[in-house]
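These notes are about the structure you will find just below.
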Amino acid sequence: MRRTADMPRYDFQRIEPKWQDYWKQNETFKVDSFEAGREKLYVLDMFPYPSGSGLHVGHPEGYTATDIVCRYGRNRGKQVLHPMGWDAFGLPAEEYAIKTQTHPAVTTYKNIDEFRRQLQMLGFSYDWSREFATTDEDYYRWTQWIFLQLFDTWYDADCEWTGPDGRQRTGKGRPIAELPIPDDVQAAGDDAVRRYQDSKRLAYQHEAPVNWCSALGTVLANEEIVDGKSERGGHPVERFPLRQWMLRITSYADRLINELDDLNWSESIKDMQRNWIGRSTGAEVDFFVGDAADFESWKTWRSEAGFSEEPGDDVLRVYTTRPDTLYGATYMVIAPEHSFVEKLTTPEQKEAVDAYVKQASLKSDLDRTDLAKDKSGVFTGSYAINPVNGEKVPVWIADYVLISYGTGAIMAVPAHDERDWEFAVKFSIPIVTVVARKDSEDVTREPSSVFTEKGVAVNSGEYDGTPTDEFKALITARLHNSGLGKQAVNFKLRDWLFSRQRYWGEPFPIWHELDADGNETGLMRVDSPDELPVVLPEMEKFKPTGTPEPMLSTAPESWLYKTAEDGTKLKRETNTMPQWAGSCWYYLRFADPKNADCFLDPEVEKSWLPVDLYVGGAEHAVLHLLYARFWHKVLFDRGHVSTCEPFQKLVNQGMILGEADENGKAEKMSKSRGNVINPDDVVKDYGADSLRLYEMFMGPLEQVKPWSMKGVEGVYRFLARVWRMITDEFADEVRLNPAVQEAELSEEQERVVHKTIKAVTEDIEKLSFNTAISRMMEFTNEFSPQEVRPKSAMETLTILLSPFAPHIAEELWQLLGHDNTLAFEPWPTFDEAKIAEAEIEVPVQVNGKLKARIKVPAGSDNATIEEAAKQNSSVASNLEGKMIVKVVIVPGRLVNFVVKG
RNA sequence: GCGAGUGUGGCGGAAUUGGCAGACGCGCUGGAUUUAGGAUCCAGUGCCCGCAAGGGCGUGCAGGUUCGAUUCCUGUCACUCGCACCA
């Protein structure tokens, strides 16, 4: 019999819309209320920025993985929270607005509609009733509210407390009202108290060098600069000081490192975060720069007064991780921006110093990194006194020392630091060895190469012979006792620059007080929570001012100004928040998206949080994940959430590259290369189930892998084979294949069924979807040729397949005689006993080389197996005339004869 | 430079308390069916020698441990990602 065109076939174009409709009509995946006592599963995708170019094939990779976990979870009887939304503030919509005079909201919501259509076309089991965009007023109202929490919080680094998670910690974010006010501040009056409080808040204003990008018309966070250019667009960035909003993320640096330990994240992402935070321990040490004659009296005074919090203007304070090399400090360096530059510069050196400092200030970050290893610097003409040996050391200025790290000044030990070595060689500064390799006999005072490892002290007076680690601890303690230094910790992490000068972002709920002349006094007021949201003003032009003056400063006066009840004139803050703000807490809002009274009901929070599985691209390994963890910890400290970490398990999907060329080389997909695959086209040609299945079959989820249209065809063929295994391809209408019968499973069939259930189940648990799919292919290869295909086996496969290819699975489930969706059918179980074979094949080796395979009854004892092996003709001929030295038998796995002669 | 990761057929990949290397898919070869193409089905497919039986080689490379190594150890090379004058 031949197929004809009108006979039913695997018709995804009919099946897929049908079931998408069904799920929508029946609200199959909506979760209304939390059922106490039932296991919960909160699975989250990194929500997309709804760009104008639509969904990319990289999106469905992670989304399919989470969808499989969710659908599987429902079949396992869990209550599943699986939401989707939009990270919708951001530059592209605003750039488009500038070009076309269209309000960014219009573009944004249009793009969202397109993204939603594309995601629904792929059959993801989201609870769409929870959808929101970060640009919704109902949402950013609470983003502003959280900002007010940050504004209302100071970090008490010494507070010891036990959180609702039962863990003891030191350091806590506390309400600003609980901040102790020093007596002298109190005495200076209310305004002084307010300014003091403002200086301690987690959200504070700060005049600091910023990264200004004139092309984008905004300042950018350090994290948004790549190679001295803007991460977005690659535009040049200049640095100059500007008053900006900052978030005190550095207060949480230690907790952001420590609390990574218990998370189920890949070590490499944890490492990237640890690296980014960059904690180092060492010591701060004071070098005396006053009149040399006063050195001894200064030391005596210090040993009584102790190490001061502020260094004072007769000392140069340095930070070092190697206090054990103090005796080898042959010069010092201060950053060109250091406040001591002027004071330490002698008249003879003034001209050279001025020139150098000016040149350094003109260098952009790009220049500084480009010239990386080429050291430059200038001598100030002054000397400091080394506190441990009283020696005079020259003080230099060089831009390899950064003002933003440590104290902006270093002691240089050229013998044991590569940068100092280079500098000393270039400027002919003495180099003195103070650390030697252990057991090394000849220690030259002037070494021929730099030695940066640990060893034992030499040329270090009474400390000679002390091992590095011991010496570090010892000298730090002694410096502390004599008031000359103390142990110190430093981080690479900087406070987070939180303001932008663009329009399309959340306005700050902040007012600045104005004096009679309309100038800002520096004092601030906040909008009360019931005045939120502070809605973006309607505007017609979106072009940046071209200066660091924020866009919103051109907003209507009615939005910009008001008079407080006490008569004080107020001006609104005109910066907006960066795009990160909205994505810092969306996972919380998904649990309670419609709540009008609260950002998240505490009971709901305890039910659904934390996120059990979070899947997204590795490009967010530091920024988004670090920021979100920081906000979460602040909310935790303030009692708004009950867990200290938001995301229990994190998985980063690997990037999907374009199709490989004839040389087998695959490149990143990009418009300019013309190798972008559009999901719409794939769905049109092969269907959503094939796209989903293919993306999971390509290889391990976390791995980078190239696209292959032939591969899509491969999984499409598999689905068509499953279809033909269960349906009758020769009938005039869709109906069951006559081979599918109510029949008992044969022993062999039962074995295949149970083996497949076991493998697919375990693979899903491991997120090893590619191997799960190959197991189902094996099942199909086994059953397709059979003339009797028991219905129960077909039902089992249908359920196993349903998380991966839900549309075809629902359709087959219906054909197999079921009225309901299979979304909540119990997941099949397996019986280990039914997987075992009666007779097993055992490989036989002679001297580790495979010679034969023998069949023995399962559970045979070693003697039986050995005997059977010797009976094998091939083995026997290999053993002939040899002496058997040893027989290795691994029950059920292998036999190895070790022979001699 | 520092940190992390990855190297397996023509291609994507599978196999880890050390025990049959190459599951599954793609591609390729041959065959069946077909007016033809497509689709489908069957058989084969790591490399080398050989008509065959059979033999040799083989998980980036070089060593080591072991009866036995893709897996463990040492060294080395290549590629990818992240950070990059952080004292």
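Reminder, nothing fancy here: chain letters follow the sequence lines and each chain counts from 1.
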Any carboxylate oxygen within less than 4.0 angstrom of a Lys/Arg side-chain nitrogen, looking at A:E841 and A:K855? no
Scan every strand shown for a Watson-Crick or G-U wobble partner of B:G9, both distances under 3.5 Å, and answer none if you come up empty. none
Is there a donor-acceptor pair under 3.5 Å between the side chain of A:T320 and the backbone N or O of A:A283? no
Rounded to whole Å, the CE-P distance (A:M655 to B:G5) equals 19 Å
Using a cut-off of 4.0 Å on non-hydrogen atoms, how would the nucleic acid contact of A:T321 be classed: base, sugar-phosphate, or nothing? sugar-phosphate
Does the A:K486 side chain pair with the main chain of A:E284, one donor and one acceptor, at a distance under 3.5 Å? no
Choose from B:G25, B:G19, B:C83 the nucleotide whose nearest atom is closest to any side-chain atom of A:V890. B:G19
N/O donor to acceptor pairs below 3.5 angstrom from side-chain atoms of residues 652-659 of chain A, sequence neighbours left out:
residue: A:N652; atom: ND2; partner: A:G616; partner atom: O; Å: 3.2
residue: A:N652; atom: ND2; partner: A:G617; partner atom: O; Å: 3.3
residue: A:Q653; atom: NE2; partner: A:G58; partner atom: O; Å: 3.3
residue: A:E659; atom: OE1; partner: A:M709; partner atom: N; Å: 3.2
residue: A:E659; atom: OE2; partner: A:M709; partner atom: N; Å: 3.2

Separation of B:G25 P from A:M777 CE (nearest whole Å): 6 Å
Compare every heavy atom of A:V57 with every heavy atom of A:M669, then report the nearest pair and how far apart it is. CE-CG2, 3.5 Å
A:N490 has an atom CG; how far is it from atom P of B:C85, in whole Å? 16 Å
For A:E418 and A:E267, find the nucleotide of RNA chain B closest to each by heavy atoms; which residue's nucleotide sits nearer the 5' end? A:E418
Rounded to whole angstrom, note down the C1' distance from B:G27 over to B:G22. 16 Å
Can you tell me if the side-chain N/O atoms of A:R724 get under 4.0 Å from OP1 or OP2 in B:C41? yes
So what's B:A15 paired with, Watson-Crick or G-U wobble, going by both distances under 3.5 Å? none
note: A:H620, atom NE2; B:C81, atom P; distance rounded to Å ~ 18 Å
Interatomic distance at C1', B:A21 relative to B:U71, whole Å: 11 Å
Whether the side chain of A:T771 engages the backbone of A:S768 through a donor-acceptor N/O pair (distance < 3.5 Å, no angle test) should be reported. yes
Just checking A:S268: base, sugar-phosphate only, or nothing, at a heavy-atom cut-off of under 4.0 Å? sugar-phosphate
A:R893 or A:E778: which one's nearest nucleotide on RNA chain B is closer to the 5' end? A:R893
If the P atom of B:A43 is compared with that of B:G25, how far apart are they to the nearest Å? 12 Å
Aromatic contact between A:Y331 and A:F427, with the criterion being ring centroids under 6.0 Å apart: yes or no? no
Under a 3.5 Å cut-off for both distances, is B:A23 Watson-Crick or wobble paired, and to whom? none
Provide a list of protein-nucleic acid N or O atom pairs under 3.5 angstrom, restricted to nucleotides 8-13 of chain B.
residue: B:G12; atom: O2'; partner: A:M698; partner atom: O; Å: 2.6
residue: B:G13; atom: OP1; partner: A:Q703; partner atom: NE2; Å: 2.6
residue: B:G13; atom: O3'; partner: A:N770; partner atom: ND2; Å: 3.4

Under 4.0 Å between any heavy atoms, over every strand shown, what does A:S280 touch: base, sugar-phosphate, or nothing? Just pick one. sugar-phosphate
Taking the minimum atom-to-atom distance to the side chain of A:L850, which one of B:C85, B:A21, B:C26 wins? B:A21
Nearest-angstrom distance, P atom, B:A62 to B:G55: 25 Å
Hey, is A:K705 close enough to A:E61 for a salt bridge, meaning N to O under 4.0 Å? yes
Enter syn or anti for the glycosidic conformation of B:G9, syn applying to angles within 90° of 0. syn
Out of B:G25, B:G27, B:C83, which has the shortest distance to the side chain of A:R717? B:G27
Here the distance between atom P of B:A4 and atom CG of A:N652, to the nearest Å, is 17 Å
Quick one: A:E619 CD to B:C83 C1', roughly how many Å, whole number? 17 Å
How far, in whole Å, is B:G60 from B:A53 if one measures between their P atoms? 30 Å
Checking N1-N3 plus N6-O4 or O6-N4 for Watson-Crick, or N1-O2 and O6-N3 for wobble, each under 3.5 Å, the partner of B:C47 is B:G56
What does B:C81 pair with, Watson-Crick or G-U, if both distances are under 3.5 Å? B:G3
Would you say A:R721 places a side-chain N or O within less than 4.0 Å of OP1 or OP2 belonging to B:A39? no
Should the pair A:E762-A:K758 be classified as a salt bridge under the 4.0 Å nitrogen-to-oxygen rule? yes
When the C1' atoms of B:U40 and B:G7 are compared, how many Å lie between them, rounded to an integer? 38 Å
Indicate yes or no: does A:E782 engage A:K755 in a salt bridge with an N to O separation below 4.0 Å. no
Considering only side-chain heavy atoms of A:K710, which listed nucleotide, B:G27, B:C57, B:A4, is closest? B:G27
Any base atoms under 4.0 Å from A:G711, or only sugar-phosphate, or nothing? Heavy atoms, all strands. nothing
Any A:R274 side-chain nitrogen or oxygen under 4.0 Å from OP1 or OP2 of B:A4: no
Here the distance between atom P of B:G25 and atom CZ of A:F804, to the nearest Å, is 16 Å
Contact pattern, 5' to 3', of nucleotides 64-74 of chain B - B, S or - by protein heavy atom under 4.0 Å: ---B-------
If only side-chain N and O atoms of A:R317 are considered, is one of them under 4.0 Å from the OP1 or OP2 phosphate oxygen of B:A87? no
Look at the side-chain N and O atoms of A:N781 and state whether any lies under 4.0 Å from the OP1 or OP2 oxygen of B:A23. no
Mind checking the P distance from B:C72 to B:G5? Whole angstroms is fine. 13 Å
Roughly how far apart, to the nearest Å, are B:A15 and B:U8 at atom P? 15 Å
Can you tell me if A:T771 touches the phosphate of B:A23, counting only side-chain N or O atoms and a distance under 4.0 Å to OP1 or OP2? no
Answer yes when A:K870 and A:E866 have at least one side-chain N-carboxylate O distance shorter than 4.0 Å, and no when they do not. yes
Does any nucleotide pair with B:A39 by Watson-Crick or G-U wobble geometry, both distances under 3.5 Å, and what is it? none
A:E762 has an atom CD; how far is it from atom C1' of B:A23, in whole Å? 16 Å
Between A:R673 and A:D661, does at least one N-O distance fall below 4.0 Å, as a salt bridge requires? no
Tell me whether A:D286 is salt-bridged to A:R317, with the criterion being a basic N under 4.0 Å from an acidic carboxylate O. yes
